[in-house]
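As the structure is a computational prediction, the values presented were derived from the model and not from experiment. First listed ligand is number 1; within each ligand, the first listed atom is number 1. One is the number of the first residue; the rest follow in order along the sequence.
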Amino acid sequence: MLKFYHTPWSRSAGIHWLLEEIGQPYEIELVDIRAPGGVPEAYRDIQPNKKVPAIDHNGTIVTERAAIVLYLTEVFPEAGLAPKPGDANRADFLTWLVYSDSVFDPAAAARAQGWEYRPSAFSFGSFDDMVRNLEKRLAKHPYIAGNKFTAADTQFGSGIHFVMNILKVLPERPVFQDYLARVSERPAFGRYMAKDAELIHKVTPIAF
Ligand SMILES: N[C@@H](CCC(=O)N[C@@H](CS)C(=O)NCC(=O)O)C(=O)O
């Protein structure tokens, strides 16, 4: 049994997309992170910070997006969504997968919140350095880990879509638009987006 704790139109989007790419049966447990009364305390037993995503795979609970990606690609290797240990692209896959959560996301969130901070005081550094690095990478490679689509693209694809098109924080540069156009051609992308468009009506509406 594979249970996915999820909120549509949230940071669990990339894992939703990944599950559709993998194509194995899973069930969604909706977590209403925007509910006026908050998420029930009982959910802390699954995710200690009461955040999404989380998964429960036959009783094994995994939290944190990068860890969930690594776990799922390990358990379902036949999906071919991660370079295997020893593969020349493995280091880039790991680097960018972790960069997504440890630099891209917090730098974008800090910008969206209008934070002023000393980049050297925070592990994610400056927003401009992050944008420059991401732009350089995607100008040279069609996918974030190299020439092949991987599970790191489910994280960057969903992240860039949210930060550029919804939050309007990431500059709308051709390299980001081309990347999004490329990854969103995938049938699994269309499936997860369609499912989320239905599920969004079952939780408290998002407020920006
Ligand atoms: N470190 C977590 C962060 C996940 C996260 O920030 N989730 C947001 C989704 S937008 C959330 O659940 N927020 C609800 C809240 O904090 O109340 C991960 O990478 O999995």
Indicate whether any N or O donor in one side chain lies under 3.5 Å from an N or O acceptor in the other, for Asp56 and Tyr5. no
Can you tell me how far the NZ atom of Lys84 sits from the OG1 atom of Thr73, to the nearest 0.5 Å? 9.5 Å
Backbone N/O of Trp17 and side chain of Thr154: donor-acceptor pair under 3.5 Å: no
Is there a donor-acceptor pair closer than 3.5 Å between any side-chain N or O of Glu64 and the backbone N or O of Ala66? no
Could you check [atom] against the protein and tell me its nearest heavy-atom contact, residue, atom and distance included?
| atom | value |
| --- | --- |
| atom 3 (C) of ligand 1 | Lys51 CD, 4.0 Å |
| atom 17 (O) of ligand 1 | Ile33 O, 4.4 Å |
| atom 6 (O) of ligand 1 | Arg11 CD, 3.2 Å |

Going by heavy-atom distance to atom 4 (C) of ligand 1, choose the closest among Val62, Thr63, Val52. Val52
Any nitrogen or oxygen of Arg65, side chain or backbone, less than 3.5 Å from one on ligand 1? yes
Based purely on interatomic distance, does Glu64 place a nitrogen or oxygen under 3.5 Å from a nitrogen or oxygen of ligand 1? yes
Go through Arg90 and Asp87 one step at a time and tell me if the salt bridge (Lys or Arg N to Asp or Glu O under 4.0 Å) criterion holds. CA-CA 5 Å; Arg90 179 78 179 171; Asp87 185 305; over 6 Å; no
For the aromatic rings, using the six-membered ring if either is Trp, is the centroid distance between Phe156 and Phe104 under 6.0 Å? yes
List every atom of ligand 1 that sits less than 4.0 Å from any heavy atom of Pro53, numbering the atoms from 1 in the order shown and giving each element. 20 (O)
